[in-house]
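Structure first, then comments.
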Number of protein chains: 2
Amino acid sequence: MNTTQRVSEILTTYGIRPSIQRVGIYDYLLTHRTHPTVDEIFSHLSPAMPTLSRTTIYNTLTLFASKGAIMVLNIEEKSQRFDAGIKPHAHFLCTECDKIFDFPQPLVQLDEQIMRDFEIVETQIYYKGICKTCKKNHL
Amino acid sequence: MNTTQRVSEILTTYGIRPSIQRVGIYDYLLTHRTHPTVDEIFSHLSPAMPTLSRTTIYNTLTLFASKGAIMVLNIEEKSQRFDAGIKPHAHFLCTECDKIFDFPQPLVQLDEQIMRDFEIVETQIYYKGICKTCKKNHL
DNA sequence: GTATCTGCAAAACATTTGCAATTCT
DNA sequence: AGAATTGCAAATGTTTTGCAGATAC
């Protein structure tokens, strides 16, 4: 089974019809786990799909998110980032080199009363600081 | 001691010179714990300070954040929100009414090795879901 | 009097919207 | 054909920038 077929099946699982663009975008997210911005996705896919537009990428990502196929990250002020997540994980943003790292999702225990009052759909944990490499370069 | 003096002292503690605008903005953040956007701050302070500009609010908030006097929230996609935080706390965004609630900061325990490799300056925890009031209105 | 701070106007971006053309079934 | 999807061009909204005038030390 080739890549396109495999990605198509995943999208179908989420109730998303697999168009060429959707498969391309989802495949990109799966193979480039760099939490790309819309622009990065556009720049990488554009050469192979010359007619692809930013609008379609926005449409597609909004659709993916609404179906739960991807996670939208707001760790960075300027623009949203996207993650075709397997299992939930936390994110670390290095304020020096702007790279985003995946961290294991720590267990967070909420108050019983809050759990009763609020229906929690999603939990995002963002760390900010200096990454290993940038720490070294400071020395 | 009046409010202006008290706020001025706090700003001085952070190494920020207390101008009229800065004191006004910081005081607003302290007394309105609504995680306001730049626009909300502007709308509320503008009548009392007619010459105040959005640019100054941006400048000021950037300065505050760099000195650690406030926290920048990116829980909402559209615009940044600000918090003159006393102690660290988590945030809950109701996707129904768009209100933001303060939650107690749960203890998150990170892997020893990660703690050694990364210098973590800030931890933000965002919950999204349906708040108490909106849950009731669904029934 | 020099450095800092403010604020206008314009620019820069990211994202959304309206709509016509295209594609799929 | 009819519904869903794509993508151009224009609009919107937030944040940034350049710079001149005002303020503080």
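Just so it is clear: chains get the letters A, B, ... in the order the sequence lines come, proteins before strands, and each one is counted from 1. For clarity, every value in this text was computed on a predicted model and none was experimentally measured.
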When all nucleic acid strands are considered with a 4.0 Å heavy-atom cut-off, which category describes Thr51(A): base, sugar-phosphate, or nothing? sugar-phosphate

By the 4.0 Å heavy-atom rule, please label Glu77(B) as base, sugar-phosphate, or nothing. nothing

When you measure from the side chain of Thr123(B) to the backbone of Tyr127(A), do you find a donor-acceptor pair of N or O atoms at a distance under 3.5 Å? no

Just the rounded figure in Å: distance from C1' of dT15(D) to CD of Gln80(B). 8 Å

Please determine if a side-chain N or O atom of Gln21(B) lies less than 4.0 Å away from the OP1 or OP2 oxygen of dT23(D). no

Just checking Arg54(A): base, sugar-phosphate only, or nothing, at a heavy-atom cut-off of under 4.0 Å? nothing

Identify whether any heavy atom of Thr56(B) sits under 4.0 Å from a base atom; if not, whether one sits that close to sugar-phosphate; answer base, sugar-phosphate or nothing. base

Phosphate contact (dT16(D) OP1 or OP2) by Lys78(A) side-chain N/O below 4.0 Å: yes

Can you tell me if the side-chain N/O atoms of Arg22(A) get under 4.0 Å from OP1 or OP2 in dT5(D)? yes

Does CD belonging to Gln5(A) count more than 12 external heavy atoms closer than 6.0 Å? yes

What integer distance in Å separates Glu76(B):CD from dT14(D):C1'? 12 Å

Short side-chain N/O contact to dT15(D) OP1/OP2 from Ser79(B), under 4.0 Å: no

How many Å lie between CD on Glu40(B) and C1' on dT14(D), as a whole number? 13 Å

Does the Lys128(B) side chain pair with the main chain of Ile75(B), one donor and one acceptor, at a distance under 3.5 Å? yes

Just checking Thr55(A): base, sugar-phosphate only, or nothing, at a heavy-atom cut-off of under 4.0 Å? base

Proximal nucleotide (of dC5(C), dT15(C), dT6(D)) relative to the Val38(A) side chain: dT15(C)

Phe82(B) has an atom CZ; how far is it from atom C1' of dT14(D), in whole Å? 11 Å

Please report the distance, rounded to the nearest Å, between CZ in Arg17(A) and C1' in dT6(D). 14 Å

Separation of Ile57(A) atom CD1 from dT5(D) atom P, in whole Å? 17 Å

To the nearest angstrom, the CG-P distance between Asn74(A) and dA14(C) comes to 15 Å

side-chain N/O Tyr58(A) vs dT15(C) OP1/OP2, d < 4.0 Å: yes

d(CD1, Ile41(A); C1', dA14(C)) in whole Å: 14 Å

Phe82(A)-Phe64(A) aromatic ring centre distance below 6.0 Å: no

Determine whether a donor-acceptor pair (N or O, by modelled atom type, separation under 3.5 Å) exists between the side chain of Glu9(A) and the backbone of Arg6(A). no

